Amino acid sequence: MKQVLAIFFVSFIIGYYIIDDFDASILKGKNVIVTGASGGIGEQMAYHYARMGANVFITARSESRLKQVIKRCEELGDSTRQYLYHVADMSDMSATETLIKKAEEGLGSIDYLVLNHIVLTYMGQWLGSRENFTGLSNTVDVNFLSYAHLASHAIQPLQKTNGSIIVISSVAGRVAQPYSISYSASKFALDGFFSGLRQELNIRGINVSITLCIIGLVGTSNAIQKIHEIHASNILNWAPMASAEDTALAIIKGGAVRAREVFYPYLPVRITSLINNLAPRLMEKFFQLMYQVD
Ligand SMILES: *[C@@H]1O[C@H](CO)[C@@H](O)[C@H](O)[C@H]1NC(C)=O
Ligand SMILES: *[C@@H]1O[C@H](CO)[C@@H](O)[C@H](O)[C@H]1NC(C)=O
Ligand SMILES: *[C@@H]1O[C@H](CO)[C@@H](O)[C@H](O)[C@H]1NC(C)=O
């Protein structure tokens with residue numbers, strides 16, 4: 001047991017300090033799709049990619065927000081680059097193929113597919129009501145199924161460039177917690193699908209990397225509002241909160257070096273997963289203290 005802990009500890013430290021072998025110039029001229037780019041981490045990723053000289057194709061449901069993000073990309077980036085947007089609703093699977101086609105037509109080829117969009121999370125108790133099942137279907141469609149569809153349509157273009165798929169998941173996709181179980185289920189599904197797909201691509205000799213990002217609490221306005229909605233404000237006192245901008249950068253770096261997984265913020269996310277594996281009952285007690293629903 002002591003040896004196991006020592007090995008975990010040493011790998012934490014190594015992981016923590018060695019991450020930064022990243023040279024932003026490798027993203028110059030690369031063609032990138034970012035989904036869910038109208039706000040939060042997706043918006044910040046678009047800005048980082050633009051600053052680093054990539055061509056950026058962003059999608060979301062809100063055209064007016066996308067236009068604003070494109071305008072900012074143009075200010076931050078190089079005028080020789082392309083900044084394109086496409087309005088799409090990811091609860092509609094038929095929109096996924098169109099999205100990849102439009103991106104390939106617009107950019108010429110695809111180097112990175114960054115899957116980041118989510119539906120607004122349904123928070124609250126699971127009572128098995130009709131409302132709960134509607135929420136579950138909607139969550140699984142947008143947060144999981146559309147990712148599988150988009151990735152599948154993109155494999156062929158990505159194969160031509162030895163490209164990468166970057167999948168944004170969450171601690172909730174490794175450690176289940178009460179009152180957001182549809183969200184958690186959709187994020188666990190991403191792990192099952194993409195961790196298996198990575199192996200299949202490898203077996204088939206397809207050189208497309210898959211980076212799964214396990215993200216902790218990020219202080220976007222949506223996240224904070226949701227936490228207050230379920231009266232779990234204790235979480236805000238306890239959990240370290242990262243900014244969307246820093247989180248976006250960590251994801252981009254991990255994708256660029258073709259990492260299997262990105263954990264951000266590194267130590268809190270790694271330690272939470274580790275405790276959950278070693279002492280799941282302790283983790284459950286902890287969540288019950290954090291979430292006090294009226
Ligand atoms: C489940 O449905 C009930 C009402 O039927 C609602 O109060 C609760 O918030 C719902 N939970 C979720 C997670 O949507
Ligand atoms: C993709 O990687 C292979 C090696 O796996 C290399 O031979 C090929 O030239 C690369 N193609 C591109 C477009 O970079
Ligand atoms: C896959 O492609 C990347 C990027 O072009 C390259 O660095 C790497 O060597 C390739 N891997 C294999 C196994 O060919």
Side-chain angles (χ1 to χ4, degrees), residues 19 21-33 49 52-55 91 100 103-104 107-114 118-144 151 154-167 170-173 175-189 194 197-212 222-223 225-233 235 251-262 287-288 290-294:
I19 309 168
D21 59 338
F22 169 71
D23 172 11
S25 71
I26 67 170
L27 291 171
K28 214 167 248 164
K30 296 289 184 202
N31 299 327
V32 182
I33 304 175
Y49 278 123
M52 293 172 186
N55 300 298
S91 63
I100 299 296
E104 205 185 1
L107 299 169
S109 65
I110 305 170
D111 295 291
Y112 291 92
L113 171 64
V114 185
I118 52 169
V119 73
L120 269 186
T121 305
Y122 296 85
M123 296 291 241
Q125 291 183 45
W126 180 268
L127 297 173
S129 64
R130 191 209 290 252
E131 179 191 334
N132 292 166
F133 277 104
T134 307
L136 177 64
S137 300
N138 197 218
T139 304
V140 169
D141 282 352
V142 176
N143 293 10
F144 168 61
I155 291 288
Q156 217 185 357
L158 287 171
Q159 206 175 342
K160 294 184 204 153
T161 60
N162 291 339
S164 302
I165 300 171
I166 301 176
V167 178
S170 157
V171 176
V175 178
Q177 37 194 291
Y179 309 127
S180 54
I181 67 177
S182 299
Y183 176 74
S184 202
S186 69
K187 292 298 194 181
F188 266 77
F194 283 99
L197 180 64
R198 185 192 293 115
Q199 298 178 51
E200 287 197 25
L201 294 180
N202 196 264
I203 292 165
R204 287 163 65 194
I206 296 175
N207 188 6
V208 172
S209 65
I210 295 181
T211 300
L212 185 68
N222 272 346
Q225 187 197 331
K226 285 289 170 190
I227 287 166
H228 285 302
E229 256 172 45
I230 58 160
H231 309 282
S233 318
I235 280 272
I251 293 167
I252 289 173
K253 287 180 179 180
V257 301
R258 302 171 91 84
R260 286 181 74 257
E261 293 182 334
V262 167
F287 280 129
Q288 280 157 30
M290 286 298 117
Y291 288 82
Q292 274 156 7
V293 174
D294 301 344

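For the numbers below, each heavy atom of this structure counts, side chains included, while hydrogens, waters and symmetry mates do not. Just so you know, ligand 1 is whichever comes first in the structure, and atom 1 is the first atom listed for that ligand. Quick caveat: nothing in here was measured; it's all calculated off a predicted structure. Residue indices begin at 1 and follow the sequence shown.
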Looking at residues at least two apart in the chain, or sitting in another chain, which of them share a side-chain hydrogen bond (donor to acceptor under 3.5 Å, both in side chains) with Asn55?
Asn31
By salt bridge (charged side-chain N to carboxylate O under 4.0 Å, His left out) - contacts of Glu131 (at least two apart)
none
Paired with Ile33, the side-chain contact (heavy atoms from CB on, under 4.5 Å) test is passed by just one of Ile165, Leu113, Ile166, namely Leu113
Lys28: which residues meet the salt bridge (charged side-chain N to carboxylate O under 4.0 Å, His left out) condition with it, sequence neighbours left out?
none
Polar atom proximity, Trp126 to ligand 1 (N or O, under 3.5 Å):
no
What atoms in ligand 1 come closer than 4.0 Å to a heavy atom of Asn132?
1 (C), 2 (O), 3 (C), 8 (C), 10 (C), 11 (N), 12 (C), 14 (O)
Apply side chain to side chain contact (heavy atoms under 4.5 Å, CB included) to the pair Leu136 and Trp126, showing each step before the final yes or no.
CA-CA 10 Å; Leu136 177 64; Trp126 180 268; 4.0 Å; yes
Enumerate, one pair per line, all nitrogen or oxygen atoms of ligand 2 lying under 3.5 Å from a protein nitrogen or oxygen, stating the separation to 0.1 Å; write 'none' if no such pair exists.
{"unit_1": "ligand 2", "atom_1": "2 (O)", "unit_2": "Asn162", "atom_2": "OD1", "d": "3.4"}
{"unit_1": "ligand 2", "atom_1": "2 (O)", "unit_2": "Asn162", "atom_2": "ND2", "d": "2.3"}
{"unit_1": "ligand 2", "atom_1": "11 (N)", "unit_2": "Asn162", "atom_2": "ND2", "d": "3.0"}
{"unit_1": "ligand 2", "atom_1": "14 (O)", "unit_2": "Asn162", "atom_2": "ND2", "d": "3.3"}

Any side-chain heavy atom of Lys30 within less than 4.5 Å of one from Thr161?
no
Which of the atoms in ligand 1, numbered in the order shown and given with their element, are less than 4.0 Å from a heavy-atom of Tyr122?
13 (C), 14 (O)
Test item: Thr211 side-chain N/O and Ala259 main-chain N/O as donor-acceptor pair under 3.5 Å:
yes
Quick check on contacts: which atoms of ligand 1 are under 4.0 angstrom from a heavy atom of Met123?
9 (O), 12 (C), 13 (C)
Backbone N or O of Val119 within a donor-acceptor pair of the Asn143 side chain at under 3.5 Å?
yes
Which bit of Arg130 is near ligand 1, meaning a heavy atom under 4.0 Å away: side chain, backbone, both or neither?
neither
Got a donor-acceptor contact below 3.5 angstrom from the Ser184 side chain to the Ser180 backbone?
no
Ser129 to ligand 1: N or O pair under 3.5 Å?
yes
